[in-house]
Undergrad: 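The structure follows.
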Amino acid sequence: MTIQEQLTQVFCDNFVTYYRSHVAHVNIMGRTFRSDHKLLQGVYERRQAQVDVLAELLRTLQAFMPHCLTDIMLGSVITDEPIEGDADELLSLVREDLEQLKGCYEELMAVADDEGHAEISNYAQDQILDIAKSIWMLTSTLD
């Protein structure tokens with residue numbers, strides 16, 4: 001994959017992860033509602049913040065962000081399955097999405113390194129660390 005293709009892939013996966021974690025945030029219920037709600041808020045806000053960053057990185061490469069939601073869904077490896085269930089199921093689904101997204105950022109870092117885009121590689125590495133922290137917090141909450 002080229003850097004533009006991999007960056008578009010990450011854009012799509014990040015967008016889908018943002019949306020799915022936001023759905024989990026709004027729909028979570030149960031005795032641990034407050035802490036789970038806050039945890040998921042942190043996840044979706046950090047993913048939402050990356051939508052513009054990723055789009056602007058694409059523009060620096062003379063590429064465009066996807067033009068419609070259908071393209072985003074088709075471009076994502078994260079499946080469009082319902083986000084529903086009890087609190088543990090919602091947290092688990094979000095964690096699975098983040099694990100897939102982390103892998104996509106790892107691929108972006110490798111492609112960026114291969115093509116000599118140190119700035120994009122550094123960005124990807126920062127996101128990998130951020131996502132790993134979210135995965136750790138979700139795992140610790142579920143254990």
Side-chain angles (χ1 to χ4, degrees), residues 1-61 63-113 115 117-143:
M1 242 187 223
T2 67
I3 188 75
Q4 290 96 341
E5 292 168 333
Q6 188 60 43
L7 197 54
T8 300
Q9 172 79 55
V10 171
F11 178 91
C12 293
D13 292 332
N14 184 84
F15 194 95
V16 172
T17 301
Y18 150 69
Y19 179 78
R20 289 170 55 84
S21 60
H22 201 155
V23 169
H25 161 79
V26 172
N27 291 338
I28 201 142
M29 298 184 330
R31 293 186 70 240
T32 57
F33 166 79
R34 178 118 174 99
S35 60
D36 292 344
H37 188 73
K38 291 295 272 181
L39 174 60
L40 290 169
Q41 180 179 1
V43 171
Y44 89 73
E45 285 179 347
R46 287 192 303 282
R47 294 301 98 223
Q48 182 182 35
Q50 298 315 305
V51 170
D52 192 58
V53 174
L54 287 161
E56 289 176 353
L57 284 172
L58 281 164
R59 293 302 296 136
T60 67
L61 299 173
F64 292 94
M65 67 182 273
H67 297 264
C68 65
L69 293 174
T70 301
D71 290 345
I72 291 171
M73 293 310 303
L74 292 173
S76 178
V77 298
I78 298 169
T79 58
D80 184 26
E81 296 177 15
I83 298 292
E84 56 190 8
D86 65 21
D88 285 353
E89 290 169 320
L90 292 175
L91 294 176
S92 292
L93 288 169
V94 170
R95 180 178 59 187
E96 289 169 17
D97 291 351
L98 287 170
E99 288 169 348
Q100 285 189 287
L101 181 61
K102 182 176 172 274
C104 290
Y105 270 105
E106 289 167 346
E107 291 174 31
L108 176 61
M109 188 173 72
V111 171
D113 284 338
E115 293 190 21
H117 292 277
E119 71 288 357
I120 295 175
S121 178
N122 291 339
Y123 164 75
Q125 186 176 36
D126 289 345
Q127 292 308 301
I128 291 165
L129 290 170
D130 181 69
I131 293 167
K133 183 177 178 182
S134 292
I135 292 168
W136 160 65
M137 289 195 287
L138 288 164
T139 299
S140 295
T141 301
L142 288 164
D143 284 348

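Not measured: the values here are computed from a predicted model. Hydrogens, waters and symmetry mates are skipped; everything else that's a heavy atom, side chains included, is used.
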Undergrad: Please give me the minimum heavy-atom distance between E5 and T2, naming the atom from each residue.
TA: OE1-N, 2.8 Å
Undergrad: Looking only at heavy atoms, what is the nearest atom pair of G75 and Q9, with distance?
TA: O-NE2, 3.0 Å
Undergrad: Please work out which of the three classes, parallel, tilted or perpendicular, describes the rings of Y44 and H22, given edges at 30° and 60°.
TA: parallel
Undergrad: How long is the gap from CG on D80 to CG on L74, to the nearest 0.5 Å?
TA: 10.0 Å
Undergrad: Tell me whether the count of non-hydrogen atoms from other residues, nucleotides or ligands lying under 6.0 Å of CE in M29 goes above 12.
TA: no
Undergrad: Roughly how far apart are I135 CD1 and S140 OG, rounded to 0.5 Å?
TA: 11.5 Å
Undergrad: Does L57 offer a backbone N or O that forms a donor-acceptor pair with the side chain of T60 under 3.5 Å?
TA: yes
Undergrad: Determine all donor-acceptor pairs shorter than 3.5 Å in which one atom belongs to a side chain in residues 45-52; sequence neighbours excluded.
TA:
unit_1	atom_1	unit_2	atom_2	d
E45	OE2	Q41	NE2	2.9
R46	NE	D130	OD1	3.0
R46	NE	D130	OD2	3.2
R46	NH1	G42	O	2.9
R46	NH2	S134	OG	2.5
R47	NH1	N14	OD1	2.7
R47	NH1	Q127	OE1	3.3
R47	NH2	Q127	OE1	2.9
R47	NH2	D130	OD2	2.9
Q50	OE1	Y123	OH	2.7

Undergrad: Does any pair with a residue in residues 69-78 pass side-chain hydrogen bond (donor to acceptor under 3.5 Å, both in side chains), and if so which ones, sequence neighbours excluded?
TA: D13-S76
Undergrad: Please report the shortest heavy-atom distance between L142 and S92, naming the atom on each side.
TA: CD1-OG, 3.5 Å
Undergrad: Do L108 and I3 have side-chain heavy atoms sitting under 4.5 Å apart?
TA: yes
Undergrad: Answer yes or no: is there a side-chain heavy-atom contact under 4.5 Å between L39 and L138?
TA: yes
Undergrad: Enter the distance from L98:CG to W136:CH2 here, rounded to the nearest 0.5 Å.
TA: 14.5 Å
Undergrad: Any chance you could measure L7, atom CG, to Q4, atom CD, to the nearest 0.5 Å?
TA: 8.0 Å
Undergrad: Apply side-chain hydrogen bond (donor to acceptor under 3.5 Å, both in side chains) to S35 and list each qualifying residue two or more places apart in sequence or on a separate chain.
TA: none
Undergrad: State the CG-CD distance between L101 and E99, to the nearest 0.5 angstrom.
TA: 11.0 Å
Undergrad: Counting C-beta onward and ignoring hydrogens, is there a side-chain heavy-atom pair between I120 and L61 closer than 4.5 Å?
TA: yes
Undergrad: Given the rule in the side-chain contact (heavy atoms from CB on, under 4.5 Å) test, do L40 and L91 qualify, once you have shown the distances and angles that lead to the verdict?
TA: CA-CA 8 Å; L40 290 169; L91 294 176; 3.9 Å; yes
Undergrad: When the ring planes of Y18 and F15 are compared, do they come out parallel, tilted or perpendicular, using 30° and 60° as the limits?
TA: perpendicular
Undergrad: To the nearest 0.5 angstrom, please state how far the CD1 atom of I28 sits from the CD atom of E89.
TA: 10.5 Å
Undergrad: Excluding sequence neighbours, so at least two apart, what forms side-chain contact (heavy atoms from CB on, under 4.5 Å) with M65?
TA: F11, A55, L58
Undergrad: Could you list all the salt bridge (charged side-chain N to carboxylate O under 4.0 Å, His left out) pairs where at least one residue sits in residues 14-34, not counting sequence neighbours?
TA: R20-D97
Undergrad: Please give me the minimum heavy-atom distance between L90 and I83, naming the atom from each residue.
TA: CD2-CG2, 3.5 Å
Undergrad: Test your reading of the model: is there a side-chain donor-acceptor pair from Q6 to the backbone of V111, 3.5 Å cut-off?
TA: no
Undergrad: What are the two closest non-hydrogen atoms of D36 and T32, and how far apart are they?
TA: OD2-OG1, 2.7 Å
Undergrad: Closest approach of V10 and C104, non-hydrogen atoms and distance?
TA: CG2-O, 3.5 Å
Undergrad: Can you sort out the partners of E106 under side-chain contact (heavy atoms from CB on, under 4.5 Å), two or more places apart, ordered by chain and number?
TA: K102, I128
